[in-house]
A.B. asks: 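Submitted below is the structure of interest, expressed as structure tokens.
Note on naming: letters A, B, ... go to the chains in the order of the sequence lines (proteins, then strands), and numbering restarts at 1 for each one. Quick caveat, the model's predicted, so the values are computed rather than measured.
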Amino acid sequence: MTHRLIVRLKIHRQQAGLTQAELAEEVGVSRKTINTVEKGVFIPSTVLALSLAARLNCSVHDLFTLPDK
Amino acid sequence: MSTNPIARIRLWGNAVIIAVVVITFGGMMLTQTYWESSPWLVGSVALGYAALSFVSHLRHPDKIEAAWDEQNTAAQRASLVFGYWATLAAFLLLFAAVLTKQIDGGVAFFWLGPVLGIGPSVHYLISVARGRAQ
């Protein structure tokens, strides 16, 4: 079962006024990881997804969704 | 390039190991001679990198988490898997060469060394170049 993930991390990060480096620092990952997550290249773990959502004051579902079939 | 000192040392360490192995083993292949000091050189560089990496982790404990985040860990794991398969493939090729008496068993064992040594590093550097690790 393979789905393409829709990622809205960049929008929420920019709304929070954070750079990739700042968000990376706050959730304890590299800036490169934030970059690849935003591009949909790297699918984050549940823990990282929850950390990102908590920092950006939104739900994981706001950041990542599956496309409608 | 990453600003994380641990990631930077990891990147350069892998690159230097590849360079030393390619230069020494490539040189031996081109000149068809055995350089007595080559294993010592490669081993020293590898141990030096390991020591430097260890010290960098001690000096920058606050940077460890980001340097070994889940994407970098996944890239590291993938590079080890690649190293395993590359070594297995090289072993089978060299084994066939030994069976058909094209090369001596000792020589075949000797040439497994560079594949085993730089396989994971090559894969890791490719991951960095593709933006999948730092």
A.B. asks: When hydrophobic residues are tied together by side-chain contacts of less than 4.5 Å, even through go-betweens, does B/V21 share a cluster with B/I23?
C.D. replies: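 Unlinked, B/V21 and B/I23 end up in two clusters.
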A.B. asks: Once rounded to the nearest 0.5 Å, what's the spacing between atom CD of B/Q134 and atom CG of A/N35?
C.D. replies: 11.0 Å
A.B. asks: Using non-hydrogen atoms and a limit below 4.5 Å, what part of residues 18-31 of chain A faces chain B?
C.D. replies: A/G28, A/V29, A/S30
A.B. asks: Determine whether B/Y49 and B/W68 fall in the same hydrophobic cluster, where Ile, Leu, Val, Met, Phe, Trp and Tyr are linked whenever their side-chain heavy atoms lie under 4.5 Å apart.
C.D. replies: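 In one cluster with B/Y49: B/W68, no.
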A.B. asks: Does anything in residues 95-133 of chain B get under 4.5 Å of chain A by heavy atoms, and if so which residues?
C.D. replies: B/G131, B/R132, B/A133
A.B. asks: Going only through I, L, V, M, F, W and Y residues with side-chain contacts under 4.5 Å, is there a path from A/L66 to A/V7?
C.D. replies: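 Looking at the clustering, A/V7 is in the same group as A/L66.
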A.B. asks: Check whether B/F82 and B/L88 end up in the same hydrophobic cluster, where Ile, Leu, Val, Met, Phe, Trp and Tyr are linked by side-chain heavy atoms less than 4.5 Å apart.
C.D. replies: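 Different clusters.
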A.B. asks: Please determine whether residues B/F54 and B/I6 belong to a single hydrophobic cluster, defined as Ile, Leu, Val, Met, Phe, Trp and Tyr linked transitively by side-chain heavy-atom distances below 4.5 Å.
C.D. replies: no
A.B. asks: Which heavy atom of B/E70 sits nearest to which heavy atom of A/I43, and what is that distance?
C.D. replies: OE2-O, 4.5 Å
A.B. asks: Give a yes or no on this: more than 12 heavy atoms of other residues, nucleotides or ligands lie within 6.0 Å of atom CH2 of B/W35.
C.D. replies: yes
